Structures are given as C-alpha cells and as structure tokens.
Amino acid sequence: MEVHRPSDGALIGRHFFEREPVVCARELVGAILRWGRRAGMVVETEAYDAEGDEACHTFHRPTARAFVAGHRAGSAYVYLNYGMHWMLNVLAKGRRSGFVLIRAIEPMRGLAGMRRARGVASLTELCSGPGKLARALGVDGSHHGIDLCSPGCRGFSVGPPVAAVACGPRIGISRAKELEWRFLMPGNPHVSGAGRKEKAGRTLEVRPA
DNA sequence: ACTAAGATTCGC
DNA sequence: CGAATCTTAGTA
C-alpha cells in the first residue's frame, strides 16, 4: 500500500488533511502532536465520515455539518462529551470529508504539566484516552475551530518511522459499529484502556524501520 | 419547557 | 457497574 508521508520532522501541512478522513486517521498514527509546551506521539485515532456515517456528529447535528462547510481542512473540531470530557478532532476534507478523533498519544514533552493537569503520576494513564489527552494537553472549547496547519504553537509534525498500524472497530459508539475505522500502534502501552483489553485488531500496514 | 443520549472516565 | 455533568436536538 502506498503511504504518503512527508519527510521526518516536517510540519504536517494542510495538504495532509485535504484527503479522506480514513486515510488521514491511519497516517496520523506516529505523528507528533504539539500543544504549546506539551507534546506527544499519536498512537491511536478514529475516522468519522461526514456523509453516511451514523456515528459521525454530522449525521444528526446541523451544527456539525455547518462546521464542515465553514472551515478549512486541518481545523480543530473540539466538543464536550458526557458533559465533562473534551474531545479533540481534526477536520479532513478530501474526496470525502469528516473528522479524525485523536484517541491517545504517548507523552513526550511537558510531562510535569500533564501530570499536574491530570492529577495522576502514571505515564500510561496520562494520555491513554481521548478525554485524558485533552485534559493533559489543556484542550478545551476555546480551541474549537482553530487552524492546526498554520505556523503556531499547536499542530502536527512527522514522527519517527512506524513499524505497524492496526485497525479495528471504533470504541464507545452505538451505531456503525462494523466499520473498522480505529487505528493504533499495536502493543504501544499508551493506547486507550478500552482498546488494550480488546483484541489488538488486525494489522493493516507494516513499514520497515 | 422537558427529555434523551452521548466518539468517557473514575471510583466503589 | 453506575454516577458525574452539560450541550445539542427533538418534541410538546
């Protein structure tokens, strides 16, 4: 399978997110997410398609559809779930549009700040879930709609080579459970707990280190 | 106005 | 396993 990935360390630009959500979600695994002075490697993502995907907000929510229509690829889509957890997504707009949910990162920089924000010490508990990483990084509603592809303190860059990416069903949804649009680094201890106890998922692609 | 459900997490 | 907690959306 042909994988499009800019040279290592480069900032991930808008063109990366001007593709289908599923492709963006898969290729974002291994990227470095920088959020101010805190940063981590993306180890788990999910894709949501704005058209026909019953699990995507756009299926039932006019405000989500308006967001897709009114924002550029690479914009942050941030929302509050269960009244207490912020979820960080990136808008993807290619032949199809949709969101990439950042579900887990491996903490790399700003660990003290992350531990302070989360109130836990365990490294593998810091960012191993979408709500956890948002809290650890300080993501909240004020970031809804910001551009993650412009020069600034928040955005993605290319990470180290990824050995393998596995895929499986998305977590915590009630509809469209059959779609295997969750992507993760097999064996990485920082993937979300929900995923750790389930089957690792089948290996999708393998890249040489 | 009132109700329901939700891309979760934590504690008992 | 159930509470916490609040926004969006559907219905009256």
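Keep in mind the model is a prediction, meaning the values are calculated, not measured. The chains referred to below are lettered A, B, ... by the order of the sequence lines, with proteins before strands, and numbering in each begins at 1.
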A:Tyr77 and A:Phe99: CA distance, side-chain angles, deciding distance, ring pair (Phe, Tyr, Trp, His ring centres under 6.0 Å) verdict: CA-CA 8 Å; A:Tyr77 176 79; A:Phe99 302 108; 4.1 Å; yes
Contact pattern, 5' to 3', of nucleotides 6-12 of chain C - B, S or - by protein heavy atom under 4.0 Å: B-SS---
Aromatic ring pairing A:Phe67/A:His71, orientation class (parallel under 30°, perpendicular over 60°, tilted between):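 The rings of A:Phe67 and A:His71 lie parallel, inter-plane angle below 30°.
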Aromatic ring pairing A:Tyr79/A:His57, orientation class (parallel under 30°, perpendicular over 60°, tilted between): perpendicular
In whole Å, I'd like the distance from the [atom1] atom of [X] to the [atom2] atom of [N].
{"X": "A:Tyr48", "N": "B:dG6", "atom1": "OH", "atom2": "C1'", "result": "11 Å"}
{"X": "A:Lys177", "N": "B:dG6", "atom1": "NZ", "atom2": "C1'", "result": "13 Å"}
{"X": "A:Glu46", "N": "B:dG6", "atom1": "CD", "atom2": "C1'", "result": "14 Å"}
{"X": "A:Leu133", "N": "B:dA7", "atom1": "CG", "atom2": "C1'", "result": "12 Å"}
{"X": "A:Arg175", "N": "B:dA4", "atom1": "CZ", "atom2": "C1'", "result": "12 Å"}
{"X": "A:Met87", "N": "C:dT5", "atom1": "CE", "atom2": "C1'", "result": "13 Å"}
{"X": "A:Leu88", "N": "B:dT8", "atom1": "CG", "atom2": "P", "result": "14 Å"}
{"X": "A:Arg170", "N": "B:dG6", "atom1": "CZ", "atom2": "P", "result": "14 Å"}

Sugar-phosphate only, base, or nothing, as touched by A:Leu101 at under 4.0 Å among non-hydrogen atoms: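 A:Leu101: base contact, heavy atoms under 4.0 Å.
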Sugar-phosphate, base or nothing in reach of A:Arg118, heavy atoms under 4.0 Å: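 Sugar-phosphate contact only - A:Arg118 comes under 4.0 Å of backbone atoms but never of a base.
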Short side-chain N/O contact to B:dA7 OP1/OP2 from A:His85, under 4.0 Å: no
A:Ser174 vs B:dG6: side-chain N/O to OP1/OP2 distance below 4.0 Å: yes
Watson-Crick or G-U stems involving DNA chain B, each at least 3 pairs long, distances under 3.5 Å, ordered by first number: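 Output for stems: B:1-6 with C:6-11, B:8-11 with C:1-4.
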Evaluation steps, ring pair (Phe, Tyr, Trp, His ring centres under 6.0 Å), between A:His143 and A:Trp86: CA-CA 10 Å; A:His143 303 113; A:Trp86 294 103; 9.0 Å; no
A:Arg154 atom CZ: more than 12 heavy-atom contacts under 6.0 Å: yes
In one Ile/Leu/Val/Met/Phe/Trp/Tyr side-chain cluster, 4.5 Å: A:Leu184, A:Leu179: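 Yes, it is one cluster - the side chains of A:Leu184 and A:Leu179 are joined through contacts under 4.5 Å.
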Ring-face cation of A:Arg103 near A:Phe183 (centre distance under 6.0 Å, axis angle within 45°):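 Judged by the rule (NZ or CZ under 6.0 Å from the ring centre, within 45° of its axis), A:Arg103 is not positioned above A:Phe183.
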Single hit among A:Arg118, A:His190, A:Glu106 for side-chain contact (heavy atoms from CB on, under 4.5 Å) with A:Leu126: A:Arg118
Heavy-atom donor-acceptor pair, A:Arg34 side chain to A:Ala39 backbone, under 3.5 Å: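 Not a single qualifying donor-acceptor pair exists.
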